[in-house]
K.L.:
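Starting off with a structure, shown below.
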Amino acid sequence: MAITQLSVFLENKPGKLYEVVKRISEAGINLRAMTIAEVRDFGILRIIVSDAKKAMEVLEDDHIITTTEVVSAVMEDKAGALYDILQALESANVNIEYMYAYTGEVTGSANVVFRVDDIEGAEAQLREAGVQVL
Amino acid sequence: MTAYYQKEIETASREEILKIQNEKIRKQVKHVYENVPYYRNLMEEKGVTPDDIQSVDDIKKLPFLSKADLREAYPDGLLAVDLKDCVRIHSTSGTTGKRVVAFYTQHDIDLWEECCARAIVAAGGSEEDVLQVCYGYGLFTGGAGLDGGSHKVGCLTLPMSSGNTDRQIQFMMDLGATIICCTPSYAAFIGETLAEKGYKPEDNKLKAGIFGAEPWTEEMRQNIQNSLGIKAYDIYGLTETSGPGVAFECEAQSGMHINEDHFYAEVIDPDTGEVLPEGSKGELVFTALDKEAFPLLRYRTRDICVLSREKCPCGRTHVKMSKPMGRSDDMLIIRGVNVFPSQIETVLLNEGYTPNYQIEIGRKNNTDTLDIYVEADPSKISDKIADIQDMEASLASAMRTMLGIGPKIHLVPPKTITRSEGKAVRVIDNRKLHD
């Protein structure tokens, strides 16, 4: 089952990131993971939160915000763990647009988030390879 | 000693000039009335007949022409001769809707080139000179006007057209150009490039420059004069009246002599249309006294300036206009190109954007910069950087097609464009063009 990532378009100006995080915090939403992709004038803040619907509500009025389904796989904290996962995706010929990782709920593991062109194919292949998919 | 291209007319007494103007206007009004139904209708609406116009004092009775008339009459509704008698057209930049097509007979080309020749001689030009034209050639009037004037004076003409600075510099140095004609911002840019290449101002043979097509300040004049080691002269004109050379600066460098034997100038109150007394600041209005193909009467330039009849040390007697001090409409001149905010709005709507935008104009390394901030539609924004960059690039390309110059597009979230008192501030011009 894919999870929902929020992508917030941010101008590259002081206070823009602060404002988004403040809103999420004030709404009591937990920020599980975040990454920023940036170019000269703007960035895209990609976040995974405890309540995507509620986060949309507090942000969508004055932000450009999109939802994207992403694959999140559990990765063990050991050498070669990412290699195994990528090998599974490679064999399914899945293209990865971008990825990032965050600390897992179980100690000794991390969650890896993939934005892919074929979510179902990616998830099926990961499960077959014995990877836990969130 | 001051040199003139046509001394007799350039230094004619006020009475002589008036006599010429009065003769020409009687003939011209009759010509327009008989051959341009569009203008005849305007005259009839005002109840004016050619008989009412006996001297230039009567010009104030005639109806105005504005850019809106030119749009309505596009492409040839103001043409006053048969097409077979025309030998060329020129056109302004901009969209089809805003484009002005000006027609010329050989007589019109000759009088225009003579005006430019007067400007070149006033800047110290003679048949001894090598004159480099780096205005654009083609539809734009800049290249053709100065090129024609240069031929009349007998200069060796370098028809470089615009751009390719390295080549401009190579020809300037190798062929020993002595006079350069371009936009003032391009002149400043050439000056900087020469310095970067290690040339000193005295390394080039330039002695003068004739610069126009965009607003510039005294400060820019000093900067150009110092960096190129020349005297910098202003020139004024617009496609609607023929092109550059309607007015030009002399050695006094204190205002531009209007070629009054060809163009009658008035200054009006832009709100009421009332003619203002000499020396008042107002909108400049031109009447072409002897153009044949495209003879605009009382054309509103939208340029705000002041006319002066103070005696000029150069000996020329024609009235002088100040540098334009602003516009009475919202037209912007960016890199020498006329841009209306409405054109930007049109592109946004065509491309599926809301017309919430802000234009920021600056000047970096003596070149105008144009940044357009556009509020994006959240539903169209992707989570991928490349998609957003593609959107910006595609909008920039649509703008370039419409405006003739390429802006930098910045997509911004909705409701982030500054609004003051509920009204969006559309244009921020940081160039400080007027002293």
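Reckoned from all heavy atoms, side chains included, excluding hydrogens, waters and symmetry mates. Keep in mind that what you see is a predicted model, and the values were worked out from it rather than measured. Lettering of chains follows the sequences in order, A, B, ..., and the numbering in each one begins at 1.
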K.L.:
Only heavy atoms, only distances under 4.5 angstrom. Which residues in residues 5-23 of chain A are near chain B?
P.N.:
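A:Gln5, A:Ser7, A:Phe9, A:Glu11, listed by number.
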K.L.:
Can A:Ser91 and A:Gln125 be counted as having a side-chain donor-acceptor contact under 3.5 angstrom?
P.N.:
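Note: A:Ser91 and A:Gln125 side chains meet the donor-acceptor criterion.
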K.L.:
Name the member of B:Leu411, B:Asp377, B:Asp383 that forms the most heavy-atom pairs with chain A at distances under 4.5 Å.
P.N.:
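Among B:Leu411, B:Asp377, B:Asp383, the one with the most close pairs to chain A is B:Asp383.
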K.L.:
Here's one to test your reading of the geometry: is the NZ or CZ of A:Arg32 within 45 degrees of the ring axis of A:Tyr102 and under 6.0 Å from its centre?
P.N.:
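No, a cation-pi geometry is absent between A:Arg32 and A:Tyr102.
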K.L.:
Check B:Asp368 with B:Arg363, please: is the shortest side-chain N to carboxylate O separation under 4.0 Å?
P.N.:
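Between B:Asp368 and B:Arg363 there is a salt bridge, with a charged N closer than 4.0 Å to a carboxylate O.
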K.L.:
Do B:Lys408 and A:Asp41 sit within salt-bridge range, that is, some charged N less than 4.0 Å from a carboxylate O?
P.N.:
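The answer is yes: the pair qualifies as a salt bridge.
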K.L.:
Should the pair B:Lys384-A:Glu97 be classified as a salt bridge under the 4.0 Å nitrogen-to-oxygen rule?
P.N.:
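Answer for the salt bridge query: yes.
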K.L.:
We want to know whether A:Thr35 and A:Tyr98 form a side-chain donor-acceptor pair, criterion being a heavy-atom distance below 3.5 angstrom.
P.N.:
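The answer is no; no qualifying pair exists.
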